[in-house]
2 protein chains.
Amino acid sequence: MPKADELGISPTEQPSSVERAAAWLREKIYDGDFTPGQRLIEAELTETISVGRSTIREAIRRLTAEGLIETRHHYGARVRRFTRSDVSSIYQVRQVIEGLAVRLTTHQLNDDGKATLQKLSEDLSGAKTKGDIKRYIELNGDLHDFFVEASGNPFISEIAARLNTRILRLQFKQVFDLDNIAISHADHRAILNAVLGGDAYDAELLMRAHIGRSQQQIESYDDSFFQ
Amino acid sequence: MPKADELGISPTEQPSSVERAAAWLREKIYDGDFTPGQRLIEAELTETISVGRSTIREAIRRLTAEGLIETRHHYGARVRRFTRSDVSSIYQVRQVIEGLAVRLTTHQLNDDGKATLQKLSEDLSGAKTKGDIKRYIELNGDLHDFFVEASGNPFISEIAARLNTRILRLQFKQVFDLDNIAISHADHRAILNAVLGGDAYDAELLMRAHIGRSQQQIESYDDSFFQ
DNA sequence: CGCGGCAATATTGTCTGACAATCATGAGGG
DNA sequence: CCCTCATGATTGTCAGACAATATTGCCGCG
């Protein structure tokens, strides 16, 4: 009796129809082709991407679980809308979750991780001095993702993915100017120093404060950003 | 053109087949009729509770999203298993999430909330002096749930539900003795004092430490509790 | 003229049946 | 004893159908 492999990695793992449908939908939402509040009709989607209705329904359910879509009984699915209050709640959670992530990361950072951080640090400085705002926002995302992944806690990854997913649309709109980058960059340098110096608790507090500042900035935005 | 009501409460809202199936499955898992690692065959379930396969599949997907079930492509659904590492990760997250919850609650506690807490506090003391361990565990759950709900942050509720759901089986097994209760009760009293006294930050730190102690206790358990 | 109730319609929820895809298992060969 | 391959069981996806229900526009009433 050969025992089943418990390694968790399946041999082939090629994307199923549902995964493709879900990816397609996710892309459309990220790109803004489906806007918040817009209704998603199963019949339309089935013929647009040529899959059965069960496939579409399953894809919709997955995105619902991810928090990108909301559904109502016998009415259907809509692209999720985020209120000001939602955004505040999300940032409150991000503060403590990413704070935890950076603390855990500090405790178990290996040489590879250190090298990655050093490089990220240099890239951030480079983007700042060149005034490349778009690039800076991108690297900022990479930095946050790094801590989340390097924390080694799968639940942190899961939660962060959900929160970031939910807010990605807003992050995209985030209007960083050079002043904001200067503040943000000071935060990043302090956090990186604490992490590389092994001051886990400091790093946690700094991350919380950093995300708190992002929150204040976003909360100061005009209503048109929230709709 | 009468505008659609955006109140979020649907008129009838009677449980659908899927909801009933999901509830049935959830109950079975909680009660231990389906044990961790056990396989869930769609065909069997279909005839057991007399619903179509689509309904069962949808119910399975919901419980998967809740974290009670794990699925593998073309192999199917199994009741989820939690490793020692999972439990540690969950408690790490619980520390910061419930810490945040208690801090937010402190900031916006009204008279009703205060009364509820006072009552919980008395009941906890009563259960402790009477040595009613089962009752104490129950009230302990109520206390944690109270903070999560009273925080007013829906994402905290969502995350806590997922974590508690996932670990409920383990909590159930948790072997509290009177010594543990004494320690736990001291924590609870301190937390309640901080909350009622308006010391939000103290309350947060105390909650983190409290959950940390629970974590240590659970992590000291024998392997037989995990598998 | 505005408001509330009612029927028509569109869409979802669920069922049945079917077939292909694929994983785990067990037999057979090296 | 280990590796390879065919087999069977189960899931993934599709199509078609019908019932349930929420939304919408219409109608009559105040």
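Lettering of chains follows the sequences in order, A, B, ..., and the numbering in each one begins at 1.
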Check whether the side chain of A:R53 and the base of D:dT13 form a donor-acceptor pair under 3.5 Å.
no

Is it true that a side-chain atom of A:T35 and a backbone atom of A:G32 form a donor plus acceptor pair closer than 3.5 Å?
no

Round to a whole Å and report the spacing from [atom1] of [X] to [atom2] of [N].
| X | N | atom1 | atom2 | answer |
| --- | --- | --- | --- | --- |
| A:H73 | C:dA10 | NE2 | P | 21 Å |
| B:I56 | C:dT14 | CD1 | C1' | 12 Å |
| A:E44 | C:dA10 | CD | C1' | 11 Å |
| A:I60 | C:dT12 | CD1 | P | 7 Å |
| B:L40 | D:dG12 | CG | P | 12 Å |
| B:I41 | D:dG8 | CD1 | P | 18 Å |
| B:Y75 | D:dG8 | OH | P | 19 Å |
| A:R39 | C:dT11 | CZ | P | 6 Å |

Cation-pi check, A:R39 onto A:Y75 ring (under 6.0 Å, within 45° of axis)
yes

Report the nucleotide, chosen from [options], that has the shortest atom-to-atom distance to any side-chain atom of [X].
| X | options | value |
| --- | --- | --- |
| B:S16 | D:dT11, C:dT11, C:dG13 | C:dG13 |
| B:V18 | C:dT14, D:dT23, C:dT12 | C:dT14 |
| B:R72 | C:dA24, C:dT11, C:dG13 | C:dA24 |

Is any NZ, NE, NH1 or NH2 atom of the basic residue among B:E58 and B:R62 found under 4.0 Å from an Asp or Glu carboxylate oxygen of the other?
yes

Within the pair [X] and [N], is there a side-chain N or O less than 4.0 Å away from OP1 or OP2?
| X | N | result |
| --- | --- | --- |
| B:R57 | D:dG12 | yes |
| A:S54 | D:dA15 | no |
| A:S17 | D:dT13 | yes |

What verdict does the side-chain contact (heavy atoms from CB on, under 4.5 Å) test give for B:H144 and B:V148, after you've listed the backbone C-alpha separation in whole Å, the side-chain angles of each residue and the deciding distance to 0.1 Å?
CA-CA 6 Å; B:H144 285 265; B:V148 164; 5.7 Å; no

Could you grab the distance from atom OG of B:S121 to atom CG of B:L192, nearest 0.5 Å is fine?
5.0 Å

Note: for B:G52 and A:H74 on DNA chain C, the residue whose nearest nucleotide lies more 5' is A:H74

